[in-house]
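The sequence lines fix the lettering, A, B, ..., with proteins before strands; numbering per chain opens at 1.
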Amino acid sequence: MGDLNLYNTRTRSLERFVPLRDREVRIYVCGLTPSAQAHLGHARSFLFFDLLRRLLMHLGYRVTYVQNVTDIDDRSINRARETGEDWYEIVSGYYADFKASMRALGVLEPDHEPYATKFIPEIQAMIRELIERGYAYVATDGIYYRVSRFPRYGALSNRNIDELQSGARIEVDEFKDDPLDFALWKFAKPGEPRWPFEPYGDGRPGWHIECSAMSHALLDPLGTGFDIHGGGADLIFPHHENEIAQSEVLMAHPPMANVWLHGGLLNFDGRKMSKSLGNFEPLSDLLARHDPQAVRMTFLTTGYSKVMNFTEDSIASATITLERLKKTHRRLAVVSAREGDYEMLPRIETALCNDMNTSVALAELLQWSPEATPQARYEFERALWLLGIAPTSAWLEEPPLALPADLVARLQAELGQELSLDGATPDEAIERVIAQRSHARTNKDWAASDRLRDALARCGIAIKDSKEGTSWSIAG
RNA sequence: GGCGACGUAGCCAAGUGGUAAGGCAGGGCUCUGCAAAAGCCCCAUUCGGCAGUUCGAAUCUGCCCGUCGCCUCCA
């Protein structure tokens with residue numbers, strides 16, 4: 001199998017991936033700020049990194065995956081003040097929902113899931129060092145990073161500092177020395193959650209510093225860098241730019257991360273899907289309406305880094321495609337050897353190694369018409385695992401749908417005098433109709449046969465004739 | 001104002017110099033008393049427009065048109 005190539009935002013080029021340590025990959029992905037409900041856009045991003053993890057594991061790397069939780073931020077604090085709730089209850093509730101959605105989607109658990117509020121000492125240590133070395137200053141309302149001290153500022157996002165300063169929408173803050181400077185620590189106002197920070201003042205960490213501190217603590221205590229830093233494309237500026245500014249001035253050997261990967265944003269009906277615009281359906285609601293595996297399938301069709309527009313049509317199409325895979329799997333269900341010459345798996349590996357081209361990988365899988373080779377099922381399931389669509393026991397059966405409660409009465413109404421269903425259970429009633437129809441077919445009484453079949457169809461029962469006899473199912 | 005992405009069949013979408021993957025929808029065939037289910041097959045002389053480079057362009061260059069995003073909390 002060939003090399004893994006990934007598009008690196010830092011160098012703006014497709015690069016062969018080489019881990020810093022042999023056979024080991026360290027990944028830090030910016031996780032959720034659970035001060036509001038998660039939406040499908042979050043799912044797309046974390047689903048992509050889940051796929052990357054699966055591929056790296058499949059390629060034989062030992063992967064350490066860290067995904068943080070920003071469990072303290074202005075929005076949850078403001079919300080708590082408005083509603084009278086405890087801010088931590090708000091954050092915990094949303095995060096629990098998010099975790100449940102991730103489980104439903106089959107996303108692998110992170111190896112570490114650091115909460116910002118559990119790393120206050122590490123965050124403060126970093127701020128102290130930034131102050132001591134002249135990269136940060138204490139202002140009236142907080143402690144700020146002095147962007148002008150970091151010449152490479154803007155390198156990741158390809159931005160020019162002078163142009164940023166002349167930009168129209170930089171926040172005006174009377175306490176900062178420069179509009180570009182960003183908060184490392186915010187002093188607590190009365191009633192706000194606070195952590196002591198001597199001698200500067202009680203308060204809470206800024207958003208950017210937590211990722212610098214936690215990635216340092218969990219992945220790179222030596223300050224020589226880790227392999228992959230990821231997140232949504234909207235984090236490139238300013239979040240990731242700020243992380244670099246904070247971390248790299250303190251590191252023995254920058255860069256902070258060798259490869260920076262960014263997932264394309266998701267639009268909903270042509271518009272950005274975001275918390276602030278509010279044009280989103282909560283992820284948990286959407287997963288209640290759609291098979292989570294169909295959601296995964298939907299994302300496989302588009303390149304991860306592209307802006308994608310989500311529509312109900314796209315998921316309807318993916319749902320049908322998923323059914324095809326389930327049928328193929330049922331067909332392969334008896335064969336299970338592991339060894340053999342794999343036909344399709346190598347093609348999927350090749351596609352994924354080409355900057356995670358899931359679109360081609362999926363096409364390979366769908367094109368594959370598996371012969372009954374002994375290893376076909378193993379190969380197929382392995383491919384499905386790589387794409388994050390693990391077969392569940394439900395794949396082996398047709399979806400169990402409930403028979404309508406009034407089925408017998410409705411059937412009787414359809415049939416009138418033709419057949420009595422007195423005292424029959426729904427199953428028995430259907431069997432009686434089928435028996436009657438089989439009798440009619442034997443006598444080549446096609447009119448009666450079709451009448452009985454139509455009656456069943458109108459009651460939502462579909463019929464299938466085969467050499468083994470007639471079977472029925474509930475029409476989807 | 002600055003930065004960037006995208007525009008490929010009815011819809012979604014891969015392909016980034018060698019002659020248009022795949023999915024959905026649509027059409028046909030086999031099987032069947034007819035259906036259903038299943039399987040097989042067909043479905044873009046062409047890649048927003050115009051010029052240019054090249055033996056060769058959806059792919060490179062220039063200009064134009066259109067859509068979206070980032071520059072503010074954001075995955």
Query raised in the report: Can you tell me how far P of rA25(B) sits from CD of E323(A), to the nearest Å?
Result: 12 Å
Query raised in the report: When you measure from the side chain of T358(A) to the backbone N and O of A361(A), does any donor-acceptor pair fall under 3.5 Å?
Result: no
Report summary line: Partner of rU46(B) under the Watson-Crick or G-U wobble criteria, both distances under 3.5 Å, comes out as none
**Report entry** Nucleotide paired to rU72(B) in any strand shown, Watson-Crick or G-U, under 3.5 Å
**Finding:** none
Query - Closest nucleotide among rA13(B), rC70(B), rA35(B) to the K272(A) side chain - result: rC70(B)
Requested in this report: Please check the phosphate of rG2(B) (OP1 and OP2 only) for any side-chain N or O of R159(A) closer than 4.0 Å.
Outcome: no
Query raised in the report: Hey, is the main chain of N242(A) close enough, under 3.5 Å, to the side chain of Y145(A) for a donor-acceptor pair?
Result: no
Query - Short side-chain to backbone donor-acceptor contact, D3(A) and R16(A), under 3.5 Å - result: no
Requested in this report: Round to a whole Å and report the spacing from NE2 of H240(A) to P of rC3(B).
Outcome: 23 Å
Report task. Could you tell me whether D450(A) contacts a base, only the sugar-phosphate backbone, or nothing, with contacts defined as non-hydrogen atoms closer than 4.0 Å? Result -> base
Requested in this report: Using a 4.0 Å heavy-atom cut-off across all strands, classify I320(A) as base, sugar-phosphate, or nothing.
Outcome: sugar-phosphate
Query - rC73(B) and rC68(B), which share atom name P, separated by this distance in whole Å - result: 23 Å
Query - Nucleotide nearest C30(A) (side chain, heavy atoms from C-beta), chosen from rA75(B), rG22(B), rG33(B) - result: rA75(B)
Query raised in the report: Between E210(A), E113(A), H112(A), which is the residue that forms a side-chain hydrogen bond (donor to acceptor under 3.5 Å, both in side chains) with N68(A)?
Result: E210(A)
Query raised in the report: Do R296(A) and D50(A) meet the salt-bridge criterion of a basic N to acidic O distance under 4.0 Å?
Result: yes
Query raised in the report: How long is the line joining CG of N267(A) and C1' of rC12(B), in whole Å?
Result: 15 Å
Query raised in the report: Given rG69(B), is OP1 or OP2 found less than 4.0 Å from the side-chain N or O atoms of R271(A)?
Result: yes
Query raised in the report: Would one find a side-chain N or O of S157(A) under 4.0 angstrom from OP1 or OP2 of rC3(B)?
Result: no
Query raised in the report: rC24(B) and rA14(B): how far apart are their C1' atoms, nearest whole angstrom?
Result: 15 Å
Query raised in the report: When you measure from the side chain of Q37(A) to the backbone N and O of Y94(A), does any donor-acceptor pair fall under 3.5 Å?
Result: no
Requested in this report: Give the nucleotide from the list rC3(B), rC34(B), rA14(B) with an atom nearest to the side chain of K306(A).
Outcome: rA14(B)
Query - Closest to side chain of R324(A), choosing from rA14(B), rG23(B), rC12(B) - result: rG23(B)
Requested in this report: Classify the nucleic acid contact of S359(A) as base, sugar-phosphate or nothing, counting any heavy atom under 4.0 Å across all strands shown.
Outcome: base
Query raised in the report: Of D313(A) and T321(A), whose closest RNA chain B nucleotide lies nearer the 5' terminus?
Result: D313(A)
Report summary line: In whole angstroms, the gap separating P of rG39(B) from CG of L332(A) amounts to 12 Å
Query - Between rC31(B) and rC41(B) - C1' atom distance, rounded Å - result: 15 Å
Query raised in the report: Counting just side-chain N and O atoms, does K464(A) come under 4.0 Å of either OP1 or OP2 of rU32(B)?
Result: no
Report task. Would you mind telling me which of R149(A), R152(A), R10(A) makes a salt bridge (Lys or Arg N to Asp or Glu O under 4.0 Å) with E248(A)? Result -> R152(A)
Query - C1'-based separation of rC43(B) from rC6(B) [nearest Å] - result: 27 Å
Requested in this report: Select from S317(A) and G232(A) the residue whose nearest nucleotide in RNA chain B is closer to the 5' end of that strand.
Outcome: S317(A)
Query raised in the report: What is the pairing partner of rG10(B), taking Watson-Crick or G-U wobble pairs with both distances under 3.5 Å in any strand?
Result: rC24(B)
Query raised in the report: Whom does rA5(B) pair with, Watson-Crick or G-U wobble, provided both distances fall under 3.5 Å?
Result: rU67(B)
Requested in this report: Using atom types as modelled and distance alone, determine if a side-chain donor or acceptor of S76(A) lies under 3.5 Å from a backbone N or O of D73(A).
Outcome: yes
Requested in this report: Choose from rG33(B), rG69(B), rC71(B) the nucleotide whose nearest atom is closest to any side-chain atom of R437(A).
Outcome: rG33(B)
Query raised in the report: Given the C1' atoms of rG39(B) and rC12(B), what is the spacing between them in whole Å?
Result: 26 Å
Requested in this report: Among the candidates rA14(B), rG4(B), rA75(B), find the nucleotide nearest to the side-chain atoms of N158(A).
Outcome: rG4(B)
Report task. Look at the side-chain N and O atoms of N309(A) and state whether any lies under 4.0 Å from the OP1 or OP2 oxygen of rC68(B). Result -> no
Query raised in the report: Just checking G263(A): base, sugar-phosphate only, or nothing, at a heavy-atom cut-off of under 4.0 Å?
Result: nothing
Report task. Select base, sugar-phosphate, or nothing to describe what N357(A) touches, counting heavy atoms under 4.0 Å on all strands. Result -> sugar-phosphate
Query raised in the report: Taking CG from L300(A) and P from rC12(B), how many angstroms apart are they, rounded to a whole number?
Result: 18 Å
**Report entry** Integer-rounded Å distance: rG22(B) C1' and L387(A) CG
**Finding:** 13 Å
Report task. Return no unless some side-chain N or O of K327(A) is found under 4.0 Å from OP1 or OP2 of rA38(B). Result -> yes
Requested in this report: In whole angstrom, give the distance that lies between atom CE of M344(A) and atom P of rG22(B).
Outcome: 16 Å
Report task. Could you give the distance separating rA9(B) and rG26(B) at their C1' atoms, to the nearest angstrom? Result -> 12 Å
**Report entry** rA13(B) to rG22(B) separation - C1' atoms, rounded to the nearest Å
**Finding:** 8 Å
Report task. Tell which nucleotide pairs with rG52(B), taking only Watson-Crick or G-U wobble pairs whose two distances are both under 3.5 angstrom. Result -> rC60(B)
Query raised in the report: What is the distance, rounded to the nearest whole Å, between atom CG of L105(A) and atom C1' of rA75(B)?
Result: 14 Å
Report task. Select base, sugar-phosphate, or nothing to describe what L362(A) touches, counting heavy atoms under 4.0 Å on all strands. Result -> nothing
Report task. Could you measure between the two C1' atoms, the one in rA58(B) and the one in rG49(B), and give it in whole Å? Result -> 14 Å
Query raised in the report: Base, sugar-phosphate, or nothing: which does G31(A) touch, judged by heavy atoms less than 4.0 Å apart?
Result: sugar-phosphate
Query raised in the report: With sugar-phosphate meaning primed atoms plus P, OP1 and OP2, does S449(A) contact a base, only sugar-phosphate, or nothing at under 4.0 Å between heavy atoms?
Result: base
Requested in this report: Once you apply the 3.5 Å cut-off to both distances, tell me the Watson-Crick or G-U wobble partner of rC29(B), or none.
Outcome: rG39(B)
**Report entry** Flag, side chain of R204(A) to backbone of W185(A), donor-acceptor distance under 3.5 Å
**Finding:** no
Query raised in the report: Quick one: which of rC34(B), rC71(B), rA75(B) gets closest to the side chain of R453(A)?
Result: rC34(B)
